[in-house]
Protein chains: 2
Amino acid sequence: MALRTPVRGASLVEQTVAILLERINSGVYARAAQLPPEHMLAAEFNVSRATIRSAIGVLAERGMVLRRHGVGTFVSQIPRLANPLNEAEDFSYMIARGGCAPGVRFVQVELAPPEPAVAAALALLPGQRALRSCKVFTADGEPVIFCVNTVPEHVLGEPLAAEALREPQLIEPLFDMLERRCGRRTQHQLAKIRAARARECRFPELALAPDTPLLFIEEVGFTADEAPIWHSYEYFPNSFMTFELVRERVRR
Amino acid sequence: MALRTPVRGASLVEQTVAILLERINSGVYARAAQLPPEHMLAAEFNVSRATIRSAIGVLAERGMVLRRHGVGTFVSQIPRLANPLNEAEDFSYMIARGGCAPGVRFVQVELAPPEPAVAAALALLPGQRALRSCKVFTADGEPVIFCVNTVPEHVLGEPLAAEALREPQLIEPLFDMLERRCGRRTQHQLAKIRAARARECRFPELALAPDTPLLFIEEVGFTADEAPIWHSYEYFPNSFMTFELVRERVRR
DNA sequence: TAGTGGTCTAGACCACCAC
DNA sequence: TGGTGGTCTAGACCACTAC
């Protein structure tokens, strides 16, 4: 196999991460095997050791690789997480990655001032409107995610907000749309995680038994400037997807 | 106010983080204010700019600080999270941090081969025993966390396992105990997050209405060598605590 | 003792932003 | 244009582990 080497253009660290990841996933570096020492990789990739160290640091953070001081760097034995909760992506992609055909059904769409809690989270002034859409995401036709999105009119722009009211599929997938059509990239989101029963959900016409347990995530998306650009209530029945997370031990 | 400067001994980056954090929390750098440029901090602390950058990078990851390319670094406006789900600590400390008096009640303790799923997660051989303890954590006397811990006998050592069977409070708080008495530090844990109803819980004598919604976390703790050293089923009623998390947008 | 990862430096150059 | 953060380098020295 021809082993790639970084090309100038994107960040050298990112390229190095990609190459190492590819080697791990393809088995060039087998599970539990030791990686070549950093100075060797630096020589092979023709970059400095600092660059290699940053790249390996990224992999270590993701749990792909394990460093042992004075010994070496090893491919992790822990299998990769399925749905890492600390990483967010558009639901359609998430469903597709799970091997199912994604779909969306819009249950209700309106353009109005949102409820006070949501307005506060989005830093809206009284009277400012937002597009609120209740969606059901399906996997192979089965409903798997119930979601209430609220996006301020000033984020969408008035023409797009009006248009989306008639054609709600325009604003899906949300992250992509906000980036492409509004120039607003979601950098991170603040999530609150709880449990709920179907009967308590803020979702119209929920086709579930009233005491079905649901994972309930309420989150607000922010741009790199910390401007809130969307709010979301999300309900996940256990049957379809569970989330996983690597938690670090901390000392306070 | 006398501004501290790093001292050699601990990592320069860690010291720098601590000092910057202190300045932020004490208001030397007010909310939304701009930090001095990196080269200034480097000169002030008498370290290289790379060291300063690493330190600021740590703060940026924690959401304490916001970097703007070509502009500067600013103190974040987003308030600090209450219970960041990606950080784990002993429940007693978590409850105490919430301003309540922590307590633990042991409902059931046994030393036996665990159920197959748990044995597999802990890489136990058939017949190997583990200490399984069902605990209720209380805050000001109110039950707020239900937890089923399983720790292999070979991790505890036979004497301690036998002793803990009679005096279960010996193994609490778990992280501390494993570190102090067994020399096994929990480095990270792999968690699966779901919703559940009280009636489905693997917990004896749960004093809750059968359809109470609970956040259900199943996790396995690992040492730095990736050896699994404990397993845990945890149930959180919403009423007491909710978890929060910063999720990053990813591209795949 | 040899080899590994961990820390730190001094300096170069680039990309972005405001004026 | 000047100042900021973003990237990268070459090299030094330390700390840890295995033999």
Side-chain angles (χ1 to χ4, degrees), chain A residues 5-20 29 32-76 183 185 187 223-227, chain B residues 5-20 29 32-61 63-76 183 185 187 223-227 248:
Chain A
T5 270
V7 185
R8 306 280 161 161
S11 146
L12 288 182
V13 174
E14 285 168 24
Q15 296 177 55
T16 305
V17 167
I19 295 173
L20 292 177
Y29 302 144
Q34 182 170 6
L35 265 58
E38 296 173 349
H39 68 89
M40 294 281 265
L41 289 171
E44 183 192 352
F45 291 171
N46 199 25
V47 299
S48 73
R49 194 180 145 218
T51 302
I52 293 293
R53 277 189 64 73
S54 298
I56 293 182
V58 171
L59 297 180
E61 252 179 39
R62 293 197 205 165
M64 304 292 301
V65 124
L66 175 66
R67 296 211 257 215
R68 285 204 249 161
H69 193 172
V71 184
T73 303
F74 300 81
V75 178
S76 174
R185 174 172 159 75
Q187 181 72 18
T223 62
D225 303 327
E226 298 195 308
Chain B
T5 270
V7 184
R8 305 280 161 162
S11 146
L12 289 181
V13 174
E14 285 168 24
Q15 294 178 57
T16 306
V17 168
I19 295 173
L20 293 177
Y29 302 143
Q34 182 170 5
L35 265 59
E38 297 173 349
H39 69 90
M40 295 282 265
L41 289 171
E44 183 193 351
F45 291 173
N46 199 25
V47 298
S48 73
R49 194 181 145 217
T51 301
I52 293 294
R53 276 189 65 73
S54 298
I56 293 182
V58 170
L59 297 179
E61 251 179 40
M64 304 292 302
V65 123
L66 175 66
R67 287 164 145 165
R68 285 204 248 160
H69 193 173
V71 183
T73 303
F74 301 81
V75 179
S76 174
R185 174 170 159 75
Q187 181 72 18
T223 62
D225 304 326
E226 299 195 307
E248 299 295 329

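In the text below, chain A, chain B and the rest are named by the order of the sequence lines, each starting its count at 1. In this text, all values refer to a predicted model and were calculated from it rather than measured experimentally.
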Separation between OG1 (A:T73) and CZ (A:R68), nearest 0.5 Å, reads 10.0 Å
To the nearest 0.5 Å, atom CD1 of A:I56 lies from atom CZ of A:R49 at 9.5 Å
Rounded distance (Å) that lies between atom [atom2] of [N] and atom [atom1] of [X]:
X     : N      : atom1 : atom2 : result
A:F74 : C:dG3  : CZ    : C1'   : 12 Å
B:N46 : C:dC8  : CG    : P     : 13 Å
A:L41 : D:dC8  : CG    : C1'   : 17 Å
B:L35 : D:dG5  : CG    : C1'   : 12 Å
B:E38 : C:dA10 : CD    : C1'   : 15 Å

The side chain to side chain contact (heavy atoms under 4.5 Å, CB included) partners of B:Y29 (sequence neighbours excluded) come to B:L20, B:R23, B:I24, B:L35, B:P36, B:L41, B:V75
Assert: residue with more 5' nearest nucleotide on DNA chain D, out of A:V13 and A:R49, is A:V13
Find out whether [X] and [Y] are in side-chain contact, i.e. whether some heavy atom of one side chain is under 4.5 Å from a heavy atom of the other.
X      : Y      : value
B:D225 : B:Q187 : no
A:V17  : A:R62  : yes
A:H69  : A:R67  : no

Contact check, residues 50-60 of chain B vs DNA chain C, heavy-atom distance under 4.0 Å, returns B:A50, B:T51
Can you list everything that forms a side-chain hydrogen bond (donor to acceptor under 3.5 Å, both in side chains) with [X]? Sequence neighbours excluded, please.
X      : answer
B:E226 : A:S76
B:E248 : none
A:R53  : A:E38
B:S48  : B:T51

In terms of heavy-atom contacts, B:A55 and B:T16 come closest through CB-CG2, 3.5 Å
Ordered by number, residues from residues 65-73 of chain B within less than 4.0 Å of DNA chain D (heavy atoms) are B:R67, B:R68, B:H69, B:G70, B:V71, B:G72, B:T73
#### Entry: B:H39 vs D:dG3: side-chain N/O to OP1/OP2 distance below 4.0 Å
no
A correct dot-bracket answer for DNA chain C, with pairs being Watson-Crick or G-U at under 3.5 Å, [ ] for crossing pairs and | for inter-strand pairs, is ||||||||||||||||||.
